[in-house]
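Both counts, for ligands and for their atoms, begin at 1 and track the order of listing. Predicted model, so just to flag it, every value in this text is computed and none were measured.
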Amino acid sequence: MSTSKFLPFTRPTIDEATIAAVGEVLRSGWITSGPKVREFEAQLSALFGGRPVRAMSSATGAMEVALAMLNVGPGDEVITTPLSWVATANVVLRAGARPVFVDCDARTRNIDLGLIEAAITPRTRALLPVDLAGLPVDRDRLYALAGAHRLRVIEDAAQSMGANWGGRAIGSIGDLVSISFHANKNITSTEGGCLVLNDADEARSCELWRLQGAARSGDSWDGMDVTLAGGKHNLTDVAACIGLGQLPQLAAFTARRRELARRYFARFDRTLGCELPPEDFAHCNWHMFQVLLPEAAVRSVFISRMREAGIGVGVHYPAMHLFTLFRKLGYQPGDFPQAERIGRSTVSLPMFPAMADGDVERVLAALGPALHDAIAAGAAGAARSKRA
Ligand SMILES: *Cc1c(COP(=O)(O)O)cnc(C)c1O
């Protein structure tokens, strides 16, 4: 058992000024959506090239609103990746539509753009790609495809804050872009998210879907009308205030994540048989540092051994078409070999801006022995099943 403090796979960094600012908001008498939300939206919009941005209580809510705005419903299909947080496909089901999975690219671990065309049908309404670990899907190819087939795109850019395509921030380009400020993401508002939109009409529609479809005629609710059954997805000023405290640190957070990733690459023992992520220092924000264990290793043993060494390891994500919910749609093992292989073997190593350089060495020192035990467990299991 290690004597040093447990190293989680991620941890938010909240400075004292932000903590003090939360106190001020709480004392101000206005704690739900108000001036802080408007300021947060304005700063996000400035970061995204002046595009309209609306703050949401979560990225899940942002994607639900985006699907509602596009009128996606029963009979419609939305093409997405099986390798994501389950929110990505759940929102499609909740809209009454069908998530159509396409396998991943073995190298990027993102949706394989070369397989999308074959999945498009007359019922396809939108593409819903994910930038796994903050490595952007190729936006040039993505939008060429969408344009050729007249499809809308909802970017699940939950993990992409601080990432870029061609030097332009993710969020400043493309169609509808959903970003998360969940506690584990690159900047946080505890829970929260935003939707980036194309124009003022879309922003208006987003506001209606965000909060009960309620429209005011002027400054008061006198003369209010409701035109659609909107949800309840607004962000609070308390949360927005935390987001405002995080935004000025985004560049430094991203730079630190890149340094840590470089350190992992420089010191990783390549003879262990692990598959490292693409070495991308142009676009990726290094939301996670994920390696694939050799097929012979038992992942649960690896995770336990790392935990015993004082190191947290995450799994992001099991291939989601194999969950009961999606098997009910007819998906089964073998449908998406790359997603299944990655989903079985992926581990997220500690990666967050407050990590010390020495923490990388600590992770890598524990990783070899843990992997050794995980492979031994795999061999023992194989011998047992051979005897049986
Ligand atoms: C975190 C995440 C979400 C959901 O974001 P919330 O703000 O928690 O709703 C969706 N998709 C991906 C890829 C995520 O990582």
Side-chain angles (χ1 to χ4, degrees), residues 9-12 37 40 44 53-68 78-95 99 101-102 104-105 108-111 126-137 142 153-163 170-171 174 176-196 206 209-210 231-236 238-240 242-243 246 257 277 284-290 314-321 323 325-326 339 342-343 346 348 351-352:
F9 73 82
T10 190
R11 189 170 65 208
V37 164
F40 191 36
L44 287 166
V53 179
R54 291 298 176 270
M56 314 292 290
S57 55
S58 71
T60 305
M63 292 191 289
E64 290 193 11
V65 163
L67 289 164
V78 175
I79 295 178
T80 191
T81 170
L83 216 56
S84 180
W85 174 231
V86 68
T88 313
N90 272 350
V91 294
V92 176
L93 281 178
R94 289 175 61 78
F101 296 115
V102 161
C104 298
D105 178 88
T108 65
R109 306 168 188 172
N110 284 328
I111 192 165
L127 306 179
L128 180 46
V130 176
D131 303 324
L132 190 68
L135 178 68
V137 167
L142 174 69
V153 177
I154 300 169
E155 298 181 16
D156 181 347
Q159 304 182 0
S160 315
M161 195 67 180
I170 295 300
L176 299 173
V177 184
S178 163
I179 296 175
S180 175
F181 307 126
H182 174 267
N184 284 357
K185 300 303 191 322
N186 285 30
I187 66 162
T188 186
S189 59
T190 65
E191 297 278 1
C194 70
L195 188 61
V196 189
C206 173
W209 286 111
R210 178 173 64 175
K232 169 71 180 174
H233 301 294
N234 56 304
L235 190 71
T236 69
V238 177
I242 298 170
Q246 294 265 289
R257 286 173 177 275
C284 188
N285 65 7
W286 294 98
H287 171 61
M288 297 190 279
F289 191 89
Q290 303 184 290
V315 172
H316 308 92
Y317 300 93
M320 93 174 104
H321 66 285
F323 292 145
L325 180 62
F326 302 99
I342 297 164
T346 189
S348 305
M351 168 59 84
F352 55 92

### Message
Applying a heavy-atom cut-off of 4.0 Å, say which part of A158 lies close to ligand 1: side chain, backbone, both or neither.
### Response
side chain
### Query
In terms of ring plane angle, is the pair W85 and Y317 parallel, tilted or perpendicular, where the classes change at 30° and 60°?
tilted
### Query
Can you tell me if S58 uses its side chain to pair, donor with acceptor, with the backbone of G192 under 3.5 Å?
no
#### Entry: Shortest reach to atom 2 (C) of ligand 1 by a heavy atom, considering only K185, Q159, E64
K185
### Task
Would you check the N or O atoms of A59, main chain and side chain alike, for any that come under 3.5 Å of an N or O of ligand 1?
yes
### Query
Just by distance, do the side chain of Q159 and the backbone of L132 share a donor-acceptor pair under 3.5 Å?
no
### Task
Just need the protein heavy atom nearest to atom 13 (C) of ligand 1, so name the residue and atom and give the distance.
S84 OG, 3.4 Å
### Query
Which residue holds the protein heavy atom closest to atom 3 (C) of ligand 1, what is that atom called, and what is the gap in Å?
W85 CD1, 3.6 Å
### Task
Check whether any heavy atom of G192 sits under 4.0 Å from an atom of ligand 1.
yes
### Task
Note the single closest protein heavy atom to atom 7 (O) of ligand 1, along with its residue, its atom name and the distance in Å.
S180 OG, 2.7 Å
### Query
P129 and side chain to side chain contact (heavy atoms under 4.5 Å, CB included): which partner among V153, T80, T81?
V153
### Query
Are any of the N/O atoms in D156 less than 3.5 Å from those in ligand 1?
yes
### Query
Is there a nitrogen or oxygen of T60 sitting under 3.5 Å from a nitrogen or oxygen of ligand 1?
yes
### Query
Which atoms of ligand 1 are found less than 4.0 Å from any heavy atom of V130?
13 (C)
### Positive for side chain to side chain contact (heavy atoms under 4.5 Å, CB included) with M56, one of E64, E191, H233
H233
### Task
Identify, by atom number and element, the atoms of ligand 1 in contact range of T88, meaning under 4.0 Å from any of its heavy atoms.
11 (N)
### Message
With a 4.5 Å cut-off on side-chain heavy atoms, are L235 and S189 touching?
### Response
yes
### Query
If you round to the nearest 0.5 Å, how far is CD of E155 from CG of L128?
10.0 Å
### Task
Enumerate the atoms of ligand 1 whose separation from the nearest heavy atom of Y317 is less than 4.0 angstrom.
15 (O)
### Query
Between K185, M63, M161, which is the residue that forms a side chain to side chain contact (heavy atoms under 4.5 Å, CB included) with S180?
K185
